[in-house]
Amino acid sequence: MEKKYDHKQIENKWKEFWYRDNIYKAVDFSEKPKKYILAELPYPSGPYLHAGHMMRYTVPDVYSRYLRMNGYNVMYPMGWDAFGLPTEGYALKMGKTPQEVTEELAKGYKQSAQDFGYGIDWDREITTSDPKYYKWTQWLFLKFFENGLAVQEEMPVWWCKELGVLAEEEVLTGKDGQKVSERGGYAVERKLFKQWVLRIPAYAEKLIDGLKETDFPDYIKTAQINWIGKSIGAEVEFKAVAGDKNITVFTTRIDTIYGASAVIISPEYENLYDFVAEEQRGGVEQYVKAAKQKSEMERTAIQKDKSGVFAGTYVLNPFSGEKHPVWVADFVLTTYGTGAIMCVPGHDERDHEFSVKYGLKIGQVVMPADGIEVDVQKEPYTGYGISINSGEYSNKPSEQVIMEMTQKAENENFGKFKINYKLRDWVFSRQRYWGEPIPVVYKNDGAIEAVVDTNDMPEVHKKLPVELPYTKDYQPSESGGAPLARLTDWVETTDKNGSPAKRETETMPTWAGSSWYYIRYCDPKNENAFADPEILKYWLPVDKYFGDGGHTTAHLLYSRFWHKFFYDLGLVPTPEPYKWRMTGGLLLGADGQKMSKSRGNVINPKEIVEHFGADACRLYLCFIGPYDETYPWDDHGVKATKRFIDNLFLLRNKVRDDEGAGAELEKDYNLMVKKVTDMCDDLKMNTCVSEFMIFANAAKKAPSISTGQWKGYIKLLAPFIPFVAEEFWHEINNFSTWDKNNSVHLQEWPKFDPSKLAENTVIIPVQINGKVRAEIEIDSNADERAVSELIKNNADLIKSLDGRQVRKLIYVKGKIVSLVV
RNA sequence: GGGCGAGUGGUGGAAUGGUAUACACGCGACACUUAAAAUGUCGUCCACUUCGGUGGAUAAGGGUUCGAAUCCCUUCUCGCCCACCA
């Protein structure tokens, strides 16, 4: 029965059956324990899934298939994150509308996912740009709005007279250091503009705390904690010498306040000119203007070159009573703390640098606890220690001083305990067409009104979604404003009372739809709610979440924020959305460079599948190495896995049913089952493939393979090479027609027989002082005394010992003997 | 500059306290072939070797241990993320 491996024929046959009968269905409320395996949904930006996607989705697919065969009710869903720039950009390039290309691309992506044999329940497919989906994205947005977490705020953005609002990446630095727009080369400046923001800092504490409930790897937890950037300190008021104004600074080191030499405020400080003396006004204005030209990046990147200008006024130190000059400097950030700091050059690197440059006095008010001399004129001392030169606080440890001073400030009403976070408000509006319209209207008096009250469901169903109007005129405005503003018929509407009102014309960012898609997968077709709470109770949280490492402090944090907010509203049953997270590496071109059309090193998965077959490709992507690393594509690698599959077609000719068939392979087989099972649990798919190859090599040498071994082997292989496995499974069982219950993918995972692994005797090495000097064969149950006896009589060891006495013998059972002489 | 992670053959990697280099790629030799491809067999860390072996090697150096690629310290290199957060 010669049969050659014709991957096209095999793949076409089985994928039709699988997806027609939806054999990978995830069943709500199944009796079986559930597993929710999720990989970040792709955004459609090409006709076919690209190589990076195959890399991202194959290992999770193998894992979810493994779980399914181990008796779990598995959900491994997929959908399309179609709103946003990638799809809009593709549409612009193709000269079509985003609606047209989304439909086309989603179809292509689905087709390619099926070509790869992904075990997806397609009944749960979602598209974030589908009105049935974004109806609920808008509904959830309104929940934020109603609870004061979605607000409009003045944000510093790039502004250009000719083009309007620009993103950071649309601005270039000209030859003379002036900022210009990428398009047109017009002059730009920083300007405050009203933008929708989500107040994620309100959840900073919960986002830190919640990490305890997850099994995220430490590097992800640390990255999120660092990103949130919690710091504990105090706010302290410095009163102006002239007038009744004061400046509040934020500091984590109130204990160093006796060492302050100045108070520095940022150029964007709200009441800046209250602290500028008339004779300094010109200089300050010039400085502020220059600072506005610099981008945030520039202001922070050029650390060497601190700059500032004296404002000409003075404030009083609430502790020492000293008079400090007020300076304006752009190294002080407006967006953090109070936009003002106290300058303590003896104990802060930046303040030291600034003070050296402008000749501010540098004093020491903390000394190291170990008494070592430090020279703060040369270098600041930033550690804790003992306060000195600090009046009544001198000779006390820093920690104590911080507490006492903060207490005093609170008691006397010139300061307070304060926690700050680096985490900033999340800018949530885009001046783009292809996104969810923000569902609010502006009343005639300028007030903002939600289009509907989210609790009034009959109204919700009438008013949501605020559908994105179809138009061919969707390209970004030349003026930088929102394209939707051009659709005046759509903009003109009415408020709840029927009075004329204008629609919000800005849209949500790409991140919106993907912040809650894992919830919708649980109940994707629900028309009456964003998801049924009982169904969510069954599926959530996500058990394993695979995704992009770059999303750790973006999407992963954003969606945790949404989820925690929903949890507080009682909308979701768990405080955390994801139990566990793993980040995936990249697939590079064969030249080791990032794949790009300009380099011409792009791997086209469609061609790979056509040429080598989906199974060989899947196996290669598993074999290449651990999931979280980045690898160059290697044609030789796919050829190798293809060769392995070819060999399986030869091996199957050795399968026998008769007595004693496969006897030589019993140990190899059982060992493989054990190892592959353990490795799948640990997601080590690369070494699973090694085990398959080791068994194939052994089987090639053995006289025969038993039917039982072959069936077990096929089942182990099924998650990795689903098409070929299905073919072999039908062949060995003589299934002549398709019945979904006969699919190998719905069979039970093989068990191994531990008795087949046990050996009567084992050969282990004997070390003398750490060097292997002999190998001995021992009874596998031998105790230390028996081993000791054996060693005494071993000729090699007697020779190596050369009369020396064994001082100590260590026997690690079944592994090694170590002798110390 | 800071945080996190990683450095093992010519290459991807295996081994996470117990015989380092599994599995594969590549390369070499041989076989089959008119030839090539494909396939098969053997070899492939380094040095020495009387061909039995012996010694060395996991970025470099030090430490802990009977025993270290694995744990600790110092240095170097690379990657990712962040970058004046007071």
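Quick note on labels: first sequence line is chain A, next is B, and so on, each numbered from 1. What you see is a predicted model; the values in this text were computed from it and never measured.
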Using a 4.0 Å heavy-atom cut-off across all strands, classify [X] as base, sugar-phosphate, or nothing.
{"X": "A:T552", "value": "nothing"}
{"X": "A:F250", "value": "base"}
{"X": "A:I763", "value": "base"}
{"X": "A:A640", "value": "sugar-phosphate"}
{"X": "A:K221", "value": "nothing"}
{"X": "A:I624", "value": "sugar-phosphate"}
{"X": "A:P626", "value": "sugar-phosphate"}
{"X": "A:D218", "value": "nothing"}
{"X": "A:K815", "value": "sugar-phosphate"}

Whole-Å [atom1] distance, [N] and [M]:
{"N": "B:rC73", "M": "B:rU64", "atom1": "C1'", "answer": "11 Å"}
{"N": "B:rG17", "M": "B:rU70", "atom1": "C1'", "answer": "7 Å"}
{"N": "B:rA24", "M": "B:rU74", "atom1": "C1'", "answer": "37 Å"}
{"N": "B:rG12", "M": "B:rC76", "atom1": "C1'", "answer": "25 Å"}
{"N": "B:rA37", "M": "B:rC27", "atom1": "P", "answer": "11 Å"}
{"N": "B:rA57", "M": "B:rG9", "atom1": "C1'", "answer": "11 Å"}
{"N": "B:rA86", "M": "B:rG5", "atom1": "C1'", "answer": "29 Å"}
{"N": "B:rU77", "M": "B:rU16", "atom1": "C1'", "answer": "23 Å"}

Could you give the [atom1]-to-[atom2] distance, from [X] to [N], as a whole number of Å?
{"X": "A:R424", "N": "B:rC82", "atom1": "CZ", "atom2": "P", "answer": "13 Å"}
{"X": "A:M693", "N": "B:rC23", "atom1": "CE", "atom2": "P", "answer": "11 Å"}
{"X": "A:L588", "N": "B:rG12", "atom1": "CG", "atom2": "P", "answer": "12 Å"}
{"X": "A:Y5", "N": "B:rU39", "atom1": "OH", "atom2": "P", "answer": "15 Å"}
{"X": "A:K684", "N": "B:rU16", "atom1": "NZ", "atom2": "C1'", "answer": "8 Å"}
{"X": "A:E629", "N": "B:rG12", "atom1": "CD", "atom2": "C1'", "answer": "11 Å"}
{"X": "A:M55", "N": "B:rG12", "atom1": "CE", "atom2": "C1'", "answer": "11 Å"}
{"X": "A:D330", "N": "B:rA86", "atom1": "CG", "atom2": "P", "answer": "18 Å"}

Both distances below 3.5 Å, Watson-Crick or wobble geometry, any strand: find the nucleotide opposite B:rA29.
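Per the H-bond distance test, B:rU41.
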Complementary nucleotide for B:rA47 - Watson-Crick or wobble, under 3.5 Å:
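Pair assignment: B:rA47 / B:rU54.
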Check ion pair A:K639-A:D635 (N to O, under 4.0 angstrom):
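No, this pair does not count.
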Think [X] has a side-chain N or O under 4.0 angstrom from the OP1 or OP2 of [N]?
{"X": "A:T630", "N": "B:rG79", "value": "no"}
{"X": "A:R773", "N": "B:rG55", "value": "yes"}
{"X": "A:Y336", "N": "B:rA86", "value": "yes"}

Are side-chain N/O atoms of A:Y421 and A:S231 paired as donor and acceptor at under 3.5 Å?
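The answer is no; no qualifying pair exists.
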Is a donor from one side chain sitting under 3.5 angstrom from an acceptor on the other, for A:R424 and A:T335?
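Yes, because at least one side-chain N or O of A:R424 sits under 3.5 Å from a partner of the opposite role on A:T335.
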Which nucleotide in the list [options] gets nearest to the side chain of [X]?
{"X": "A:F623", "options": "B:rA86, B:rC25, B:rC23", "answer": "B:rC23"}
{"X": "A:K700", "options": "B:rU19, B:rC25, B:rG40", "answer": "B:rG40"}
{"X": "A:T222", "options": "B:rG3, B:rU19, B:rG12", "answer": "B:rG3"}
{"X": "A:N647", "options": "B:rG3, B:rG40, B:rG18", "answer": "B:rG40"}
{"X": "A:R643", "options": "B:rG55, B:rA86, B:rU39", "answer": "B:rU39"}
{"X": "A:H636", "options": "B:rG13, B:rU19, B:rG26", "answer": "B:rG26"}
{"X": "A:N697", "options": "B:rG26, B:rC66, B:rA24", "answer": "B:rA24"}
{"X": "A:W227", "options": "B:rC82, B:rG12, B:rC25", "answer": "B:rC82"}

Any idea which heavy atoms bring A:C688 and A:C680 closest together, and the distance?
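Minimum heavy-atom separation between A:C688 and A:C680: SG-SG, 3.8 Å.
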For B:rG63, is chi within 90° of 0 (syn) or not (anti)?
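You should classify B:rG63 as anti.
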Glycosidic conformation of B:rG9, taking syn as within 90° of 0 and anti otherwise:
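This nucleotide is in syn.
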Starting at the 5' end of RNA chain B, which residue's closest nucleotide do you reach first, A:I810 or A:G625?
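Comparing both residues, the 5'-ward one is A:G625.
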Closest-nucleotide ordering on RNA chain B, the 5'-leading residue of A:K701 and A:N769:
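Closest to the 5' end, via its nearest nucleotide, is A:K701.
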Using modelled atom types only, decide if a donor and an acceptor are shared between the side chain of A:T687 and the backbone of A:K684 within a distance under 3.5 Å.
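Checked: pair present.
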Pair A:F238, A:F414 - check side-chain contact (heavy atoms from CB on, under 4.5 Å), show working.
CA-CA 8 Å; A:F238 287 69; A:F414 65 82; over 6 Å; no
Test applied, side-chain contact (heavy atoms from CB on, under 4.5 Å); reference residue, A:E322; option that passes from A:N317, A:L316, A:I257, A:V315:
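That would be A:N317; it is the only one of A:N317, A:L316, A:I257, A:V315 passing the side-chain contact (heavy atoms from CB on, under 4.5 Å) with A:E322.
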Donor-acceptor pair under 3.5 Å: do we get one between A:E775's side chain and the base of B:rU19?
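Counting by modelled atom types and ignoring angles, a donor-acceptor contact under 3.5 Å is found here.
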Given side-chain contact (heavy atoms from CB on, under 4.5 Å), test A:L717 with A:L648 step by step and report yes or no.
CA-CA 11 Å; A:L717 286 164; A:L648 293 177; 4.0 Å; yes
Show, in sequence, the C-alpha distance, side-chain angles and deciding distance for A:Y713 and A:Y669, and conclude whether the ring-ring contact (aromatic ring centres under 6.0 Å, His included) test is met.
CA-CA 8 Å; A:Y713 193 35; A:Y669 170 74; 8.0 Å; no
